[in-house]
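Just so it is clear, the structure is predicted and the values come from calculations on it, not from any experiment.
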Amino acid sequence: MFKFFKNISYSLLGKVIAMVFWALLDIVAARLLGKDAYAEWAYFFAIATMLFYIGWFGINASAKVYISKYENEPEKKQDCLLSSIIIRFAVSLIIGLAIYFILPGYAESLGFPDKYPNLKWLFECAAVLVIMNSITEFLKSLFMGLNRFKELFIVTVLEHGGYFVFSVILLMFGRNVRSIAYGYLLGGLITNIIGFIYVFINNRIKYPVKFSNFKPYLKEIGRYALPMAFIGIGGMVLVEMDTFMLGLFSTKSDVAVYNIAKSLCSKATHVNFALAVGVMTSFSLVDRDNVKEKKKEFIRMELLNIFIALSVSLCFLIFAGIAIKILYGDEYVEAASLLRMLVLYYSLYSISNFYSVFLDFRKKANIRSFWYASIIVINFTLNYLWIPVYGATGACWATGLSLVPYTIATFIETRKEWKKLSLQ
């Protein structure tokens with residue numbers, strides 16, 4: 001139990017500090033850039049975030065699961081770790097190059113130059129941002145799989161602290177969206193260098209490196225990455241499709257205020273995610289001897305997650321107006337009502353994500369990937385129908401309602417898995 005709370009503490013503290021840095025950067029960007037330029041950054045970052053999910057390609061989550069399986073087999077763990085690094089760099093480079101040569105060609109059809117004057121340059125920059133981000137998230141997944149939550153904390157703080165510090169410094173010299181992009185590049189580069197130093201300090205190569213040994217691990221990680229990649233596409237749709245479609249079909253003002261409300265909700269889910277990743281490694285190894293004890297631990301953490309979700313939701317409902325006005329200013333006060341509407345999205349996402357992480361560690365990604373498809377279909381359809389008519393309000397309700405079937409499904413599948421484990 002002590003190890004649980006130690007892991008949760010590191011994971012949670014890292015997420016909280018990351019949220020603080022993100023919020024500070026978002027506030028500074030909104031105030032210094034003004035509504036129009038901030039809307040351009042929000043629109044681009046929605047597209048970039050969707051590209052991040054594509055860049056991950058399921059490799060990070062798959063590597064995390066397999067590395068956690070070899071905790072007590074050091075030679076296999078070394079081979080699995082090195083294999084995951086090889087496949088991560090290869091996939092990141094391929095996707096990055098594809099983005100660089102393809103995406104800028106679509107800039108004009110997506111709002112360049114009249115609506116978003118920096119969009120083509122930002123698309124070129126996106127290729128490097130995707131490579132950096134995929135490696136940063138890979139490092140975090142490695143530390144989760146290796147049960148090194150102190151290092152996870154350090155990398156998380158370095159990442160978001162770097163984004164904040166470099167972006168704000170550059171914004172002071174040039175108040176445009178390119179300054180933030182450069183800040184992200186510098187922050188990502190430093191995080192990745194330091195992250196890999198930690199990886200190799202804590203996992204020194206002690207056994208002969210034979211590339212012939214990597215083949216089975218490359219195959220296993222790659223095979224399990226495919227359903228995880230599909231789930232990532234669903235996550236991409238859920239997290240940023242609404243902001244992207246607002247950028248296409250609605251006004252810059254709608255994009256700016258909706259981005260603030262949605263981002264606050266999305267970042268709040270990191271508190272729940274920190275709890276989930278802090279405890280789920282333990283549930284990847286359940287047998288007849290420990291199943292009763294593990295199930296009790298799971299239920300305690302499940303109830304804690306629900307309590308956190310309800311508490312944060314209540315804070316959003318009560319303090320949204322005051323918080324938005326104080327932090328962002330009167331120019332963005334419309335975001336408060338949108339934040340209250342998005343409480344449904346936050347609550348369902350936080351609860352379903354807890355079950356999702358459990359199912360991933362139990363190698364049940366294939367099952368939940370089917371239900372994740374419902375998010376893609378419902379979210380896209382409702383956004384397409386409601387955004388042109390209702391603007392940001394339509395996006396809020398579309399995003400929340402799209403999660404209902406998936407949340408119910410993950411709850412049922414989790415109960416089925418525990419029932420199966422209890423009968424083994």
- [ ] For a side-chain contact (heavy atoms from CB on, under 4.5 Å) with Ser402, tell me which candidate from Leu348, Ile376, Thr381, Ile375 qualifies.
- [x]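 Passing option: Ile375.
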Residues in side-chain hydrogen bond (donor to acceptor under 3.5 Å, both in side chains) with [X], at least two apart?
| X | result |
| --- | --- |
| Ser134 | Ser92 |
| Asn353 | none |
| Tyr346 | Asn272 |
| Tyr332 | none |

What's the separation between atom [atom1] in [X] and atom [atom2] in [Y], rounded to the nearest 0.5 Å?
| X | Y | atom1 | atom2 | value |
| --- | --- | --- | --- | --- |
| Leu142 | Ile135 | CG | CD1 | 11.5 Å |
| Leu248 | Asn383 | CG | CG | 11.5 Å |
| Leu339 | Lys262 | CG | NZ | 12.0 Å |
| Ile54 | Thr49 | CD1 | OG1 | 11.0 Å |

Sequence neighbours excluded and cut-off under 3.5 Å, please list the side-chain donor-acceptor pairs for residues 312-323, or say none.
unit_1: Ser313; atom_1: OG; unit_2: Ala309; atom_2: O; d: 2.8
unit_1: Ser313; atom_1: OG; unit_2: Ser347; atom_2: OG; d: 2.9

Contact list for [range], test salt bridge (charged side-chain N to carboxylate O under 4.0 Å, His left out), sequence neighbours left out:
| range | result |
| --- | --- |
| residues 334-345 | Lys35-Glu334 |
| residues 132-156 | Glu137-Lys140, Lys140-Glu159, Arg148-Glu151 |
| residues 302-316 | Glu302-Arg415 |
| residues 317-332 | none |

Open item on the list: Restricting to side-chain contact (heavy atoms from CB on, under 4.5 Å), what partner residues turn up for Ser167, sequence neighbours left out?
Closed with: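 So Ser167 forms a side-chain contact (heavy atoms from CB on, under 4.5 Å) with Leu25, Ile180, Tyr184.
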Open item on the list: Which residues pass the side-chain contact (heavy atoms from CB on, under 4.5 Å) test with Val128, not counting sequence neighbours?
Closed with: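 Residues passing side-chain contact (heavy atoms from CB on, under 4.5 Å) with Val128: Met132, Leu185.
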Open item on the list: Checking Thr136 against Asn192: is there a side-chain donor and acceptor pair closer than 3.5 Å?
Closed with: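 Side chains of Asn192 and Thr136: pair found under 3.5 Å.
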- [ ] Determine whether the side chains of Tyr43 and Asn259 contain a donor N or O and an acceptor N or O closer than 3.5 Å.
- [x]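 Result is no, nothing qualifies.
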Compute the centroid of each ring, for [X] and then for [Y], and state whether the two points are separated by less than 6.0 Å.
| X | Y | answer |
| --- | --- | --- |
| Tyr345 | Tyr349 | yes |
| Phe358 | Phe298 | yes |
| Tyr182 | Phe166 | no |

Open item on the list: Using 30° and 60° as the class boundaries, would you call the ring planes of Phe196 and Phe200 parallel, tilted or perpendicular?
Closed with: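 Parallel: the ring planes of Phe196 and Phe200 meet at under 30°.
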- [ ] Determine the interplanar angle of the Tyr53 and Trp56 rings, folded into 0 to 90°, and report it as parallel if under 30°, tilted if 30 to 60°, perpendicular if over 60°.
- [x]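 Tilted, since the angle between the ring planes falls between 30° and 60°.
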May I ask you to test the [X]-[Y] pair for a side-chain heavy-atom distance under 4.5 Å?
| X | Y | answer |
| --- | --- | --- |
| Leu139 | Tyr198 | no |
| Thr243 | Ile47 | no |
| Met341 | Trp397 | yes |

What donor-acceptor contacts under 3.5 angstrom involve side-chain atoms of residues 169-177, with partners at least two apart or in another chain?
unit_1: Asn176; atom_1: OD1; unit_2: Arg178; atom_2: N; d: 3.0
unit_1: Asn176; atom_1: OD1; unit_2: Ser179; atom_2: N; d: 3.3

TODO: Run the numbers on Leu13 and Phe149 for side chain to side chain contact (heavy atoms under 4.5 Å, CB included), then give the verdict.
DONE: CA-CA 11 Å; Leu13 184 59; Phe149 283 83; over 6 Å; no
- [ ] Just do the ring-ring contact (aromatic ring centres under 6.0 Å, His included) check on Phe44 and Tyr116 with the steps written out, would you?
- [x] CA-CA 9 Å; Phe44 162 71; Tyr116 304 111; over 10 Å; no
